[in-house]
Amino acid sequence: KSDEPGYFNEHDRCVKKIALMKKDYKICNNIETIVWDNSNKENQFTKRRYDCYAELSVNGERKICEELEINFKAEYKNFLAADNFYRNDMITGNVNNHFEDLEEYHTCKKNIAIYNEDASICEETNNKNFLNDCYYDLAIAKKDISLCDKVENSYAIYGKVLYNRIDNCY
């Protein structure tokens, strides 16, 4: 079914489309998370399933983000346990570290915050870049300049160099 780590193949695209049409995040579970990477000759952990969850979160259902967290932590822990190369991550407890950097989870939370117009949902993260991104997008969605004051002057969003978010808020 799944063949290229990091990219949706036709099977996964089809599953995701049906999940979106039916607005049923459980359908996303039919997308593989651990796939064989022919170029590196090893198993790779892919986040395609979590991208499916994140897109469905625009409907404001908080349960989707909770399911994404539970699913990711269980799947990633299984992946680490099965692969000696990554076993050191498991010993040092990096499952939670990898989760804190999972863009799809933060996108999920941001979508819920925007749907509910609730900035406190943005504050459920320890990641400053995701927090800024959530405040910024919520400020724009609500047309609420007071939320712009919460956006810190930062050029790094999701680890990519972009433009200055605070300057674009005003």
Side-chain angles (χ1 to χ4, degrees), residues 1-2 4-35 44-79 94-148 150-152 154 156-160 162-163 165-166 168-169:
K1 294 177 187 177
S2 302
E4 293 273 340
Y7 299 98
F8 279 90
N9 61 23
E10 295 308 313
H11 169 269
D12 294 347
R13 241 190 300 280
C14 180
V15 170
K16 181 179 171 184
K17 186 131 184 136
I18 291 168
L20 291 170
M21 289 185 328
K22 289 189 167 193
K23 296 181 177 148
D24 183 355
Y25 69 89
K26 292 177 183 167
I27 293 172
C28 298
N29 290 332
N30 292 294
I31 297 173
E32 300 292 329
T33 56
I34 299 174
V35 296
Q44 292 285 316
F45 189 83
T46 175
K47 299 184 289 182
R48 295 184 289 231
R49 180 184 299 170
Y50 312 110
D51 179 63
C52 183
Y53 284 135
E55 281 200 40
L56 280 163
S57 66
V58 296
N59 297 322
E61 192 178 340
R62 253 185 114 92
K63 187 177 180 181
I64 294 173
C65 300
E66 293 163 8
E67 179 75 16
L68 189 157
E69 179 176 4
I70 292 164
N71 194 296
F72 175 84
K73 287 183 176 179
E75 289 282 330
Y76 198 72
K77 194 171 185 178
N78 288 340
F79 171 66
N94 282 339
V95 171
N96 287 330
N97 292 348
H98 288 286
F99 180 71
E100 275 300 313
D101 292 333
L102 185 65
E103 181 178 339
E104 290 80 3
Y105 178 72
H106 296 286
T107 299
C108 189
K109 287 292 210 177
K110 178 177 68 176
N111 289 341
I112 302 296
I114 291 169
Y115 182 87
N116 291 297
E117 298 186 349
D118 183 356
S120 70
I121 295 170
C122 296
E123 295 157 8
E124 294 175 6
T125 182
N126 295 325
N127 186 307
K128 203 61 117 173
N129 288 329
F130 293 124
L131 179 64
N132 278 335
D133 194 47
C134 187
Y135 281 146
Y136 176 84
D137 288 348
L138 182 58
I140 301 304
K142 287 181 67 172
K143 299 173 183 67
D144 182 352
I145 201 162
S146 69
L147 287 170
C148 289
K150 292 183 176 215
V151 178
E152 290 187 13
S154 173
I157 304 294
Y158 298 145
K160 300 173 193 159
L162 297 177
Y163 46 86
R165 281 276 186 160
I166 199 164
N168 288 295
C169 201

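Nothing here was measured: the structure is a model prediction, and the numbers come from that model.
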| Should L102 and F72 count as side-chain neighbours, where that means a heavy-atom distance under 4.5 Å? | yes

| said: Quick check for you: to the nearest 0.5 Å, what is the distance between Y50 atom OH and C28 atom SG? | reply: 10.5 Å

| remark: dist E69:CD -> C108:SG (nearest 0.5 Å) comes out at 10.0 Å

| request: Measure the CG-NZ distance between L138 and K143 for me, rounded to the nearest 0.5 Å. | output: 11.5 Å

| query | Can a donor-acceptor pair be found between the side chains of Y135 and D144 at a distance below 3.5 Å? | reply | no

| Nearest heavy-atom neighbours spanning L147 and K142 | CD1-CD, 4.1 Å

| note | OH (Y136) and SG (C122) are apart, to the nearest 0.5 Å, by 14.0 Å

| query | Would you say the side chains of S120 and D118 form a donor-acceptor pair under 3.5 Å? | reply | yes

| Can a salt bridge be assigned to the pair E123 and K150 using a cut-off of 4.0 Å between side-chain N and carboxylate O? | yes

| Minimum-distance pair of heavy atoms, taken over all atoms of D133 and K110 | OD2-NZ, 3.1 Å

| request: Please determine if R49 and D12 form a salt bridge, counting it only when a charged side-chain N lies under 4.0 Å from a carboxylate O. | output: no

| task | Can you measure from CZ (R13) to CZ (R48) and round to the nearest 0.5 angstrom? | result | 10.0 Å

| field | Separation of K17 NZ from K22 NZ (nearest 0.5 Å) | value | 14.5 Å

| message | Minimum heavy-atom separation for H11 and N30, please, with both atom names. | response | CE1-O, 3.3 Å

Please report, to 0.1 Å, the donor-acceptor pairs under 3.5 Å made by any side chain of residues 60-67, with sequence neighbours excluded.
from : atom 1 : to   : atom 2 : distance (Å)
R62  : NH2    : E124 : OE1    : 2.8
R62  : NH2    : E124 : OE2    : 2.5

| Mind checking whether N111 and L56 have side chains closer than 4.5 Å, heavy atoms only? | no

| Closest contact, heavy atoms only, L68 versus A54 | CD1-N, 4.3 Å

| Given the rule in the side chain to side chain contact (heavy atoms under 4.5 Å, CB included) test, do V15 and C52 qualify, once you have shown the distances and angles that lead to the verdict? | CA-CA 9 Å; V15 170; C52 183; 5.7 Å; no

| query | Do C134 and T125 touch side chain to side chain, with heavy atoms closer than 4.5 Å? | reply | no

| query | When you measure from the side chain of N116 to the backbone N and O of A113, does any donor-acceptor pair fall under 3.5 Å? | reply | no

| Got Y53 and N71 here, is their nearest side-chain heavy-atom distance under 4.5 Å? | yes

| Do N132 side-chain atoms and E152 backbone N/O form a donor-acceptor pair below 3.5 Å? | yes

